[in-house]
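Worksheet for the structure shown next.
Predicted, not measured: the structure shown is a model, and the values here were computed from it.
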Amino acid sequence: MIIIHAGFTINPAKKEAFLNEIKPLIQASREEGGNISYKLYQDTENENVFTMVELWKDGEAVAAHNQSEHFTAFTGRAKEFLAAPLDVKVFNGEQVER
């Protein structure tokens with residue numbers, strides 16, 4: 001499993017537009033065959049900071065998602081909403097035992 005955390009710091013004047021634009025991405029991504037979960041969370045301390053937490057079956061599912069029309073359409077517009085660069089972290093879903 002692949003886990004992705006995509007952090008968005010949104011321009012406050014563009015927040016409503018961002019939320020409207022990201023809804024179709026969330027819906028379509030959840031319908032992809034390799035998707036396990038795709039959820040947007042709002043920061044508790046800064047209402048203009050959001051994190052998309054994505055769970056994918058494997059790297060192939062992520063690659064297919066990254067080439068999908070809904071993903072490329074959103075990423076093509078994302079910069080107009082951002083107040084800071086997008087912060088993406090990718091994790092292997094295998095639990096590390098110590």
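The salt bridge (charged side-chain N to carboxylate O under 4.0 Å, His left out) analysis of residues 47-60, with sequence neighbours excluded, yields the pairs Lys15-Glu47. Within the structure, side chain to side chain donor-acceptor pair (under 3.5 Å) contacts touching residues 23-40 (residues at least two apart or in different chains) are Glu32-His65, Glu32-His70, Tyr38-His65.
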Which pairs would a plain distance check flag for residues 77-89, meaning a side-chain donor or acceptor within less than 3.5 Å of a matching protein atom at least two apart in sequence or in another chain?
| from | atom 1 | to | atom 2 | distance (Å) |
| --- | --- | --- | --- | --- |
| Arg77 | NE | Glu21 | OE1 | 2.7 |
| Arg77 | NH1 | Ala73 | O | 3.3 |
| Arg77 | NH2 | Glu21 | OE1 | 2.8 |
| Asp87 | OD1 | Lys89 | NZ | 3.3 |
| Asp87 | OD2 | Lys89 | NZ | 2.8 |

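Using a 4.5 Å cut-off between side-chain heavy atoms of Ile, Leu, Val, Met, Phe, Trp and Tyr, with links allowed through other members, Ile3 and Val62 fall into different hydrophobic clusters. Hydrophobic clustering, with ILVMFWY side chains joined whenever heavy atoms are under 4.5 angstrom apart, groups Phe8 together with Leu19. In the hydrophobic clustering of ILVMFWY residues, with side-chain heavy atoms under 4.5 Å counting as a link, Ile4 and Phe74 come out together. Residues Leu55 and Ile26 do not share a hydrophobic cluster, clusters being chains of Ile/Leu/Val/Met/Phe/Trp/Tyr side chains in contact below 4.5 Å.
For the pair Thr51 and His5, the tightest heavy-atom approach, listed with the atom from each and the gap, is CG2-CB, 4.2 Å.
Residues that satisfy the ring-ring contact (aromatic ring centres under 6.0 Å, His included) test with Tyr41, not counting sequence neighbours, are absent from this structure. Looking at residues two or more places apart in sequence or on another chain, you find a side-chain contact (heavy atoms from CB on, under 4.5 Å) between Asn92 and Glu94. With sequence neighbours left out, Phe50 forms a ring-ring contact (aromatic ring centres under 6.0 Å, His included) with Phe18.
Taking OG1 of Thr9 as the start and CG of Asn46 as the end, the distance is 7.0 Å to the nearest 0.5 Å. To the nearest 0.5 Å, atom OG1 of residue Thr75 and atom CG of residue Asn66 are 8.5 Å apart. A distance of 9.5 Å separates CG in Leu25 from CG in Leu40, rounded to the nearest 0.5 Å.
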Next on the checklist: Run Ile36 and Met1 through side chain to side chain contact (heavy atoms under 4.5 Å, CB included) and show every step you take.
Outcome noted: CA-CA 9 Å; Ile36 298 168; Met1 177 172 49; 3.9 Å; yes
Next on the checklist: One pair to check against side chain to side chain contact (heavy atoms under 4.5 Å, CB included): Val90 and Ile2. What are the steps and the verdict?
Outcome noted: CA-CA 7 Å; Val90 181; Ile2 304 295; 3.7 Å; yes
